[in-house]
A.B. asks: 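I'd like to ask you about the structure that follows.
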2 protein chains.
Amino acid sequence: MRFIDNPFQCPVTRTMSIIGGKWKPIILNCIGDKTIRFGKLNQLMPAISNKVLSKELKDLESLGLINRLESDELPQRVEYNLTDAGISLMPVLVEVANWGNSHFAKQIESKL
Amino acid sequence: MRFIDNPFQCPVTRTMSIIGGKWKPIILNCIGDKTIRFGKLNQLMPAISNKVLSKELKDLESLGLINRLESDELPQRVEYNLTDAGISLMPVLVEVANWGNSHFAKQIESKL
DNA sequence: CAGGATCCCGTCGGATACTG
DNA sequence: CAGTATCCGACGGGATCCTG
């Protein structure tokens with residue numbers, strides 16, 4: 001994945017590069033404290049395409065936020081769960097979510 | 001400004017739409033507790049173009065995070081500062097920054 | 001089942017020049 | 001001084017189809 005060009009090495013920008021974008025926080029939240037399969041994630045997020053889900057999971061894995069657990073049984077079976085780093089991110093996401101909830105009504109998306 | 005398409009009305013995604021992108025957190029940080037002029041912001045962030053800085057400031061203003069204070073003197077003089085909502089966002093940004101600092105070294109930008 | 005390949009389009013952000 | 005106007009390339013993300 002690519003990082004946003006980061007003048008001043010701004011740590012906020014750096015973190016945004018990681019959890020920004022459309023899907024990553026949603027994916028992390030869908031994984032939660034579970035160990036969950038690719039197909040199950042796809043069910044939870046019907047709007048995401050295979051390609052994008054696959055790419056986001058790779059990004060999150062290479063960032064060390066999730067584990068990818070592959071069994072060699074058939075049918076193929078791949079599961080994902082959060083690493084300690086991923087778990088440590090969740091409270092931050094909660095803070096972000098709380099701020100968003102308290103300062104912006106749901107309707108704002110249609111307001112602008 | 002446009003919001004990321006937001007399935008599930010995810011409040012994290014909503015907040016990311018606001019403070020994501022390359023410049024907004026940096027701008028908010030540069031304003032800080034000061035009242036600061038457009039030209040001064042431009043000096044603090046030499047890498048940002050007039051067009052982008054102007055657009056970002058408009059976004060932040062329409063989101064209610066900053067005030068735009070215009071005097072009708074000549075030469076033209078426009079200043080910006082944080083609103084209460086903008087101030088309330090800063091601790092969240094600090095949390096995000098702390099997480100970024102503790103989990104990712106500066107070098108990560110060049111690593112991937 | 002879990003993805004990769006391909007094609008496509010909209011938006012973000014940069015460069016440069018211009019203006020009241 | 002504080003912006004606008006114009007042009008442009010790069011990237012994110014979607015749709016669809018294919019495969020070990």
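Here the structure is a predicted model, which is why all the values come from computation and not from measurement. No hydrogens, no waters, no symmetry mates; every other heavy atom, side chains included, goes into these values.
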A.B. asks: For A:N29 and A:M90: C-alpha separation, side-chain torsions, deciding distance, then whether side-chain contact (heavy atoms from CB on, under 4.5 Å) applies.
C.D. replies: CA-CA 8 Å; A:N29 188 59; A:M90 299 309 287; 4.3 Å; yes

A.B. asks: Could you tell me how far apart B:M45 (CE) and D:dG3 (P) are, to the nearest whole angstrom?
C.D. replies: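 In whole Å, D:dG3 P and B:M45 CE are 13 Å from each other.
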
A.B. asks: Within the structure, does a side-chain N or O atom of A:R37 lie under 4.0 Å from either OP1 or OP2 of C:dG3?
C.D. replies: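 For C:dG3, neither OP1 nor OP2 has a side-chain N or O of A:R37 closer than 4.0 Å.
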
A.B. asks: Nearest to the side chain of A:Q76 - D:dG20, D:dA2, D:dG14?
C.D. replies: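 Nearest to the side chain of A:Q76 among the choices is D:dG20.
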
A.B. asks: Go nucleotide by nucleotide along DNA chain C from the 5' end; which of A:K51 and A:Y80 gets its closest nucleotide reached first?
C.D. replies: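 Whichever sits nearer the 5' end wins; that is A:Y80.
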
A.B. asks: I'd like to know whether A:I27 forms a side-chain contact (heavy atoms from CB on, under 4.5 Å) with A:L53, so could you lay out the CA-CA distance, the side-chain angles of the two residues, the decisive distance to 0.1 Å, and finally the verdict.
C.D. replies: CA-CA 9 Å; A:I27 291 172; A:L53 177 54; 3.9 Å; yes

A.B. asks: Using whole Å, report how far CZ of B:F3 lies from C1' of C:dT11.
C.D. replies: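 In whole Å, C:dT11 C1' and B:F3 CZ are 15 Å from each other.
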
A.B. asks: Calculate the interatomic distance between A:K55 atom NZ and C:dG4 atom C1'; express it in whole Å.
C.D. replies: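 Value for this atom pair: 14 Å.
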
A.B. asks: Report the C-alpha separation of B:N50 and B:F38 in whole Å, then their side-chain angles, then the decisive distance to 0.1 Å, and conclude whether the side-chain contact (heavy atoms from CB on, under 4.5 Å) test is met.
C.D. replies: CA-CA 9 Å; B:N50 272 358; B:F38 185 94; 3.9 Å; yes

A.B. asks: Within a 6.0 Å radius of atom NZ on B:K34, are there more than 12 heavy atoms belonging to other residues, nucleotides or ligands?
C.D. replies: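 Count over threshold, so yes.
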
A.B. asks: Of the candidate nucleotides D:dG13, D:dG3, C:dA2, which contains the atom at the shortest distance from the side chain of B:V78?
C.D. replies: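 So the side chain of B:V78 is nearest to D:dG3.
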
A.B. asks: In whole angstrom, give the distance that lies between atom CH2 of B:W23 and atom C1' of C:dG14.
C.D. replies: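 So the two atoms are 10 Å apart, to the nearest Å.
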
A.B. asks: Would you indicate which nucleotide in D:dG13, D:dT16, C:dG13 comes nearest to any side-chain atom of B:E56?
C.D. replies: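 So the side chain of B:E56 is nearest to C:dG13.
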
A.B. asks: Reading DNA chain C from 5' onward, which residue's closest nucleotide shows up sooner: A:D5 or A:N50?
C.D. replies: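 In this pair, the answer is A:N50.
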
A.B. asks: May I have the distance from A:D59 (atom CG) to C:dG3 (atom P), rounded to whole angstrom?
C.D. replies: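 Spelled out: CG on A:D59 to P on C:dG3 is 13 Å.
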
A.B. asks: Regarding B:E79, tell me which of base, sugar-phosphate or nothing describes its non-hydrogen contacts under 4.0 Å with the strands shown.
C.D. replies: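 If one applies the 4.0 Å heavy-atom cut-off, B:E79 turns out to touch nothing in the nucleic acid.
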
A.B. asks: Does OP1 or OP2 of C:dA2 have a side-chain N or O of A:K58 closer than 4.0 Å?
C.D. replies: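 Indeed not, no polar side-chain atom of A:K58 lies that close.
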
A.B. asks: Under 4.0 Å: is that the gap between some side-chain N or O of B:K22 and OP1 or OP2 of C:dG14?
C.D. replies: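 Yes, within the criterion.
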
A.B. asks: Would you say A:S54 reaches C:dG4's phosphate, i.e. side-chain N/O to OP1/OP2 under 4.0 Å?
C.D. replies: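 Yes.
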
A.B. asks: Between P on C:dA15 and CG on B:L53, what's the gap in Å once rounded to a whole number?
C.D. replies: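 Those two atoms, CG and P, are 14 Å apart.
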
A.B. asks: Is the shortest heavy-atom distance from the side chain of B:I19 to the side chain of B:V96 under 4.5 Å?
C.D. replies: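 No - every pair of side-chain heavy atoms lies 4.5 Å or more apart.
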
A.B. asks: Using whole Å, what does the distance between atom C1' of nucleotide C:dT11 and atom NZ of B:K24 come to?
C.D. replies: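 The answer, rounded to whole Å, is 12 Å.
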
A.B. asks: Does A:R68 have a side-chain nitrogen or oxygen under 4.0 Å from the phosphate oxygens OP1 or OP2 of C:dG3?
C.D. replies: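 Checking C:dG3 against A:R68, a side-chain N or O does come within under 4.0 Å of OP1 or OP2.
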
A.B. asks: What integer distance in Å separates B:I26:CD1 from C:dC12:P?
C.D. replies: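 Between P of C:dC12 and CD1 of B:I26: 17 Å.
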
